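These notes are about the structure you will find just below.
Here is how names work: the chains are called A, B, and so on, in the same order as the sequence lines, proteins then strands, and each is numbered from 1. The model shown is predicted, which means the values in this text are computed figures rather than measured ones.
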Protein chains: 2
Amino acid sequence: MTQTVDRALVILASLAEGPASLEQAANRIGVHKSTAMRLLRTLEEHGFVHRQPDYRYRLGGRLFSLAQLALESIDVRVVAAPHLAALNERCGHTVHLAVYEDGEVTYVDKLESRYPVRMYSRIGKRAALTASAVAKVLLADLPEARRREVAEALEFPAYTVRSIRTPEALLEELAQVRDQGWAVDRSEYEETVNCVAVPIRGIDGRVIAACSISTPTVVAPIGTLRRLVPQLLDTAEAVSLEYGGRTRS
Amino acid sequence: MTQTVDRALVILASLAEGPASLEQAANRIGVHKSTAMRLLRTLEEHGFVHRQPDYRYRLGGRLFSLAQLALESIDVRVVAAPHLAALNERCGHTVHLAVYEDGEVTYVDKLESRYPVRMYSRIGKRAALTASAVAKVLLADLPEARRREVAEALEFPAYTVRSIRTPEALLEELAQVRDQGWAVDRSEYEETVNCVAVPIRGIDGRVIAACSISTPTVVAPIGTLRRLVPQLLDTAEAVSLEYGGRTRS
DNA sequence: GGACACGTTGCGCCCAGTGCAACGGCTGCC
DNA sequence: GGCAGCCGTTGCACTGGGCGCAACGTGTCC
């Protein structure tokens with residue numbers, strides 16, 4: 001829409017690929033270096049980019065604080081926190097909370113496993129749309145047309161031999177998830193990790209978040225994990241109830 | 001520098017205070033609502049703001065992914081990670097890594113305590129400049145003039161009864177930190193939490209990061225914490241050595 | 001059903017963002 | 001040690017794009 005801001009945001013995103021000199025940054029977005037400099041200066045004044053001693057630009061600290069505030073403004077997170085903690089306390093496994101937004105599924109909260117083997121993930125990480133249990137739960141709630149649209153636009157990387165590889169297979173899986181009310185990831189993203197996930201619903205019944213338990217196969221085989229689904233459903237229902245009871249301010 | 005980008009970033013930052021309608025957002029930065037709309041649309045196209053079903057704008061998911069990439073581009077973090085993990089494994093307490101950038105101290109890595117009582121902190125959180133041990137370590141390395149400048153521009157909130165309250169007291173504390181090579185926070189930020197922190201140095205000997213151990217007083221009194229300083233110093237030295245050995249690409 | 005509130009759009013003005021070119025400091029090469 | 005090349009910076013003139021205004025449309029509340 002507004003050219004100047006657009007360019008500034010493109011240049012900011014381009015810095016995600018790594019630090020860049022003024023001229024590199026200008027070339028990346030195809031503008032004159034003096035233009036790039038003015039944009040970068042403005043971004044720097046606001047702390048969104050940082051200038052290293054070697055004059056190169058990289059992403060700045062303001063992104064951290066804003067990202068943190070963004071997390072806090074997602075209020076399902078606040079409501080869910082104590083319930084997730086209780087679940088984590090009870091079962092001892094890694095617990096995740098994820099939301100869907102504009103075609104992406106993002107982990108917005110995480111509680112670590114008590115077991116020594118931990119999985120790699122981080123708040124802010126994007127979940128694999130075609131493999132993770134949380135993504136299946138969130139995608140399954142989209143309107144049928146939108147679901148098909150999303151499925152057909154996706155790529156289907158072979159994370160493991162069990163990964164879903166076609167839109168049809170994904171849509172079929174999502175239909176099943178809708179039916180049974182929970183989703184599973186059997187080593188579809190990481191060879192050694194299984195997950196189960198369930199939906200958290202808002203006041204209007206729409207799915208607003210997904211909550212999952214993840215375990216390395218060495219700690220808990222898939223059968224053990226399946227037996228945790230009732231606990232997980234209880235947690236999700238508690239969150240849904242508490243969240244739905246609140247009036248949106 | 002560039003007015004349009006400046007306004008866009010101000011409006012983005014203003015959303016950190018909470019979601020806003022178009023008109024609210026326009027008022028916050030004092031522009032016509034049509035102007036605000038064009039800015040917000042551009043931000044939305046890039047995922048930096050998100051439009052809720054009720055038409056209000058809030059911070060968007062792109063901030064998460066960019067913040068995460070920003071973290072990864074801080075390479076001291078990569079070097080330090082295994083050393084911090086080893087330290088955390090050995091002592092069992094909460095371990096933090098923090099950096100100084102443009103007048104702010106930010107936690108860029110964290111390992112949780114094994115003990116049930118945990119402290120509130122999060123990657124991306126900004127550390128209290130006048131109270132936290134990591135901030136003391138990082139500020140202590142600034143050139144004398146800059147240190148005085150920063151100290152005099154700061155506010156000195158009374159987080160607890162032990163919090164430092166004047167620029168003079170802070171400067172004196174920083175001088176001591178310089179001398180002894182490590183810093184302590186004795187319930188200066190949270191009544192029930194103590195910390196010790198040490199510097200990690202770059203190839204030129206300047207402090208590039210700080211590493212700390214934090215414990216609730218109920219788990220480890222200040223004396224116990226002090227006895228962990230040698231371990232902490234060993235860790236920091238190992239990181240400094242490994243980091244300094246690398247050539248900056 | 002009228003009045004209001006709020007998001008949206010078309011328009012014309014003019015200022016602010018743009019590209020150019022010249023400058024200056026730094027590096028390294030002969 | 002001087003010259004050449006590189007790269008960040010700055011001043012300037014042009015014009016295109018961002019701006020505020022006002023009219024429109026839609027949904028909501030008395």
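- Residues B:Asp102 and A:His50 meet the side-chain proximity criterion, which asks for heavy atoms closer than 4.5 Å.
- Taking 4.5 Å as the limit, every side-chain heavy atom of A:Ile11 sits out of range of all side-chain heavy atoms of A:Val31.
- Remark: the A:Ser34 side chain and the C:dG19 base include a donor-acceptor N/O pair separated by less than 3.5 Å.
- Note on the helix from C:dG1-D:dC30 to C:dC30-D:dG1: terminal axis deviation equals 40°, with five pairs used at each end and the result rounded to 10°.
- With hydrogens and angles ignored, the 3.5 Å screen pairs no side-chain donor or acceptor of A:Arg51 with any backbone N or O of A:Glu44.
- Residues from residues 37-46 of chain A placing a heavy atom under 4.0 Å of any atom in DNA chain D, listed by number, are A:Met37, A:Arg41.
- Under the 3.5 Å distance criterion, the side-chain polar atoms of A:Thr2 are left unmatched by any main-chain donor or acceptor of B:Arg38.
- Atom NZ of B:Lys33 and atom P of C:dG7 are 7 Å apart (whole Å).
- Shown here is B:Glu104, whose CD atom has more than 12 heavy atoms of other residues, nucleotides or ligands within 6.0 Å.
- What you find for B:Ile208 and B:Val99 is that their closest heavy atoms are O-CG1, 3.7 Å.
- For B:Arg56 and C:dC6, the CZ to P distance is 13 Å, given to the nearest whole Å.
- No side-chain donor-acceptor contact under 3.5 Å links A:His46 to the backbone of A:Phe48.
- Rounded to whole angstrom, the span from the OH atom of A:Tyr55 across to the C1' atom of C:dG25 amounts to 9 Å.
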For nucleotides 14-16 of chain D, which of its nitrogen or oxygen atoms have a protein nitrogen or oxygen under 3.5 Å away, and what is each distance?
none

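- For B:Ala197, the side chain to side chain contact (heavy atoms under 4.5 Å, CB included) partners are B:Ala133, B:Val134, B:Val137, B:Ser212, not counting sequence neighbours.
- As rounded to whole Å, 12 Å separates atom P of D:dA23 from atom NE2 of B:His32.
- Taking all atoms of both residues into account, the shortest heavy-atom contact from A:Val150 to A:Leu142 is CG2-CD1, 4.2 Å.
- Across B:Ala67 and A:Phe64, no two heavy atoms sit closer than the pair O-CE2, 3.4 Å.
- At distances below 3.5 Å, not a single donor-acceptor pair connects side-chain atoms of A:Arg7 with backbone N or O atoms of A:Leu39.
- Of all the residues in residues 4-27 of chain A, A:Thr4, A:Ser21, A:Leu22, A:Glu23 reach under 4.0 Å from DNA chain D with at least one non-hydrogen atom.
- Although no hydrogens or angles enter the test, the distance criterion places no donor-acceptor pair under 3.5 Å between the side chain of A:Arg201 and the main chain of A:Ser240.
- With sequence neighbours excluded, the residues satisfying side chain to side chain contact (heavy atoms under 4.5 Å, CB included) with A:Glu144 are A:Arg147, A:Arg148.
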